[in-house]
Protein chains: 2
Amino acid sequence: MVDFGRSDDVRKSNRRRILSVLRHHAKVSRKHISQETGLSASTVSAITSELLDEAVIVSLQGAEDGALRRGRPQVRLSLNPNAALVASAVQQLDRIAVTVCDYAGKTVAEIDRPFKAREAGPEEFPRTLIETISDALATLPPGAGQLERIELGVQGITDVEGTAMLWSPITRYRNIGMKEALEDAFGVPARVSNDCCMIALALHWRDPERFADNFAAVLLSHGIGMGLMLNGELVTGIRSSATEFGHLSHMPRGALCRCGRSGCIEAYAGDYAIYRRATNAGSESAPRNDIAQAEMSGIMEAAKNGDADSIAAFAEAGEALGTGLANMFALVDPFPVALVGHGTRAYGFIEGSLRRAIGDINPYVSGSGIEISCFPDEKPLIMEGCTITALLELDEEIARSTAPHQKIFTDAV
Amino acid sequence: MVDFGRSDDVRKSNRRRILSVLRHHAKVSRKHISQETGLSASTVSAITSELLDEAVIVSLQGAEDGALRRGRPQVRLSLNPNAALVASAVQQLDRIAVTVCDYAGKTVAEIDRPFKAREAGPEEFPRTLIETISDALATLPPGAGQLERIELGVQGITDVEGTAMLWSPITRYRNIGMKEALEDAFGVPARVSNDCCMIALALHWRDPERFADNFAAVLLSHGIGMGLMLNGELVTGIRSSATEFGHLSHMPRGALCRCGRSGCIEAYAGDYAIYRRATNAGSESAPRNDIAQAEMSGIMEAAKNGDADSIAAFAEAGEALGTGLANMFALVDPFPVALVGHGTRAYGFIEGSLRRAIGDINPYVSGSGIEISCFPDEKPLIMEGCTITALLELDEEIARSTAPHQKIFTDAV
DNA sequence: ACTATTTTTTTCGAGCCTCGAATTAAATGG
DNA sequence: CCATTTAATTCGAGGCTCGAAAAAAATAGT
C-alpha cells in the first residue's frame, strides 16, 4: 500500500500516471492522456502545463499526421529529449559496451570495446567503465541534456541495492563496488543489476502482450541465469539480486558444477557441461571456462551427424532445464519462457527433452503448451533493460518532485 | 502502484491506515493513532468521529489502565465487536471445524465435529460446511453482529479467486465449488484458500518479529505443503493457490509420489513416504493413504531404538526437504522457516540431514544459520489465518466505503 | 470572405481533504 | 478552587480534482 496522506500526494500520483502514458506512446494529445488515465481534461491540462514549465515535456507544433479533421487540432506532447541523459552499460567477459540515451529513449552515443575481465584487477572494473562512459559522453554535441543516471548490467550476483557485484563468473574477485565509484565520478545515481533481470525488463517492455505480468527469461550461456517476472514485478532475492535458477538442484549428488557443488542445473545445461558430456569427459571432471563458440558449434555439428554423446549432452541439458522450469511452474503455475543467449542456437537439440521434462513432472501442463521463444543475442536486451530501468527511475523521480505550486503575480498590466 | 486520482481516495487511504492501527493494538487513543500514522491530530479526530458514527469503532469510557497522569486523559478507541461477525472454517480429512469471531477478533462460537471426507460426495462438502456454520451461528445471543464474511481453509489446490477446491488429497473429486454455495446460503462474501497460506498469514500475524516479510511455513503431514511470504506478500500461483513445494522435483526418476509422478519432495518426506521407506517397501510401491498416527509413532520409536531403515527414512525425508528449501533459498535468498504439523514430532530425526542438505547445496549459507521453528498443531494456525484474512478484508471494505461526507443541518436550536 | 460548426484546451468555481493554530475539554496539583 | 497540563475538537488556509463554461483553433459551407 502506498503511503500517502497529504493531498499533494494525489498530484504526484497523477503526474506519475501522465508521465507513464508519455513514456509508452511517443506523441499523445492531452485528450488522449485524459482518456488513457481517466483523469479529467482540466487536471491533465494543469499537470501538463506544469510539466511544460519544468521542460520535462515538449509540445510538437504542426507535423500533424493523419487525416485533417474538423475542429481544433490535438496538440501532440512528447517527453523532452533534452530533459536528461541516461547511460547504460554492459560489462562482459571480453567486452564492455556503453550506450547513452536521451530522455525520450533515443540512443545518442554508443561505444563497444574489448575488455579482458579475467585479467582485470578489481579496481579496473569501475575504472574502465568510467572511462568508457566519459568517452561516450564526450562524443555528444554541447546542446544535449545532462547525464542523470547510470545503469549497469552484469552477469552474476549483485545486492538488491545495486551497489556491488557480489560474485560474477567473469572475475575471480568478489564484492566489487560499482555504485559508489560511478556516483563519485559522475555525480548522479548509479546502480548495478543482474543481466537476466535487465533482459526480462527489456522483453516486458518490447512485447508486453507475450511477456506480460508473468514470464521468465532464461539465459543459456556459459552459465545459466534467470530473470523472473511475477505479477508484473521482477522477482529479486531478499538481499541479493537474482533468482539463481542455474543453481537449483537438478540431481542430488550429480554432476560437478563450477560453483563447487553437485547436481546444479548449470552442471548439465551450461556450455561447459554440454562440452563435458559431449566429449565424454565424465561428470566429475573440472569445468573448463574457456570454451570457444566454435567448439560449441562443433558439438552441434556432431549432433547433427548423429554423434551419440553430443546428442545426449543436449538432451541432458534440456532435461535439466525442463526439470527446473517444471519446478518453477509447480511454485507459481506455468508461464511463458524466453530462452536467451547463444545457447539457443542448439534449441533444436534441446527442445524435445526439455518439453518432455516439463510434461513428465507436471502432467497438468501439456508440455507442448508452454510458450517458448528464443533470442540468440542477449546483449541488446541487457542494454535495453538498463536503459528502460534508468528512464523509469527518472520518471519516478520527476513525478515526485512537485514543487509547491506557486503562482506568480506581477504588478504590470 | 495504487490507482487513485480523486482526493477522497486520500480519505480512503487514511481510513485504512487508522483501521490498521486499531486492528493491531486493542485500545489506542487518538493521540497514539496520530503518532503511529503520522496524520495530524485534526485528521485523526475527523476520521475517528466518522468511524464512530458508522459504529465501526467504539470509545471506551473509564477503565483507565496505568498510572493516572496530569492532563485530560486519553480516550481509548477500539474496534466495535458488534460491527460484524466472520466465520472461519477448516475442512480436513476427518473433521470439520468452524469458528465465529466478532469484528474485534474474539472467538464467540466454536464447533468441531467429525467429517468423513473420503466417503463424502462432492455436494457434501459445501453442505456440511453450511450446516456447521449455521449451527455455530445459532448458538449466538441475539445482540451479536451480522455475519459478513466466510473464509475456508483446505488442503490442496484452490484457484486464486478462492471459488473452488480444484484438487485436494482429502477427496477423489475435483473442482468442488465452495464459494458460490456459501454465498448463496449466507448472502455474504466467501472464499476458500489453501491451508498453508493461512498458516503463513497466522504466523506473520502472531509473531511479526520472527515471521516478518520473508519466510515460509512448511506443513509436514501426510503430504507436504508450503505457504510462502515474500516482501510481505503471500506468494500464490498465477491461476491456482499454492506454491506446490511438495511436488518440486527432488530426484529425477526417483520414488513414486502419490501424484503419480516420480521423485517429488513429498515422495520422500510425506508420512506415506517415510512409512514406505521405514518398512522397506521399495520406493516404487504404491503410497498408502490411511496411515495412522500410531504407526508413525511406531517408526519414531524404532528409530529411537536404532532401527536402520527407520533412521534412514527420516534422514531421506530431511534431505528432500533440505534440498527443496535450498532451492528456494537459491531463488530468493535464505529466510526463516516454520515447520508445521504432526510431522514435526520427528524433527529430531530430520534436522541433521535437512540442515546438511541446505549447507550442501548452498555453501554461502551456513546450514545451521537458518532459523527453523516447529509448530506441531496446524489446525489453530489455519483457523487463525482464516480469521485474520476475513477481518482484514472487512477492514479494507470498510475503509473504502466512505459515503460522501454529508453534514446534517437541523433547524432546531 | 465570412460565419457556423466542430473539436480541443483552458479557465473558473465548487467540493473534499489535510494541516496548523487556536480553542475547548477534562483531568491533577497545590 | 484555581493554575497547569494534556487530549481532542474546531476553524480557516491551501492544495487538488472535477464539471461546466469559455476560449482557441481548425474546417465546411455559402
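All values derive from a computational prediction rather than experimental measurement. In what follows, every chain begins at residue 1, and chains take the letters A, B, ... in the order their sequences are listed.
Taking only side-chain nitrogens and oxygens, B:Ser29 never comes nearer than 4.0 Å to OP1 or OP2 of D:dA7. The phosphate of D:dT17 (OP1 or OP2) has a side-chain N or O of A:Arg11 nearer than 4.0 angstrom. Between B:Asn14 and C:dC17 there is no side-chain N or O to OP1 or OP2 distance below 4.0 Å. When the side-chain nitrogen and oxygen atoms of A:Arg70 are compared with OP1 and OP2 of D:dA25, none of them lie within a distance under 4.0 Å.
Distances from the side chain of B:Ser40 to the nucleotides D:dC16, C:dC17, C:dG20 place C:dG20 closest. Residue B:Lys31 places its side chain closer to D:dA8 than to any other of D:dC16, D:dA20, D:dA8.
Donor-acceptor pairing under 3.5 Å is lacking for the side chains of B:Glu36 and B:His24.
Judged by distance alone, with hydrogens and angles left aside, B:Arg72 brings a side-chain donor or acceptor within reach of the base of D:dA7, the pair sitting under 3.5 Å.
Direction of the helix axis in the helix from C:dA1-D:dT30 to C:dG30-D:dC1 shifts by 20° between the two five-pair termini, rounded to 10°.
Electrostatic pairing of B:Arg191 and B:Glu183 does not count as a salt bridge here, judged by no charged N lying under 4.0 Å from a carboxylate O. With salt bridges taken as basic N to acidic carboxylate O contacts below 4.0 Å, one links A:Arg15 and A:Glu54.
At distances below 3.5 Å, at least one donor-acceptor pair connects side-chain atoms of A:Thr387 with backbone N or O atoms of A:Met383.
Under a cutoff of 6.0 Å and an axis angle of 45°, B:Arg23 and B:Tyr103 form a cation-pi pair.
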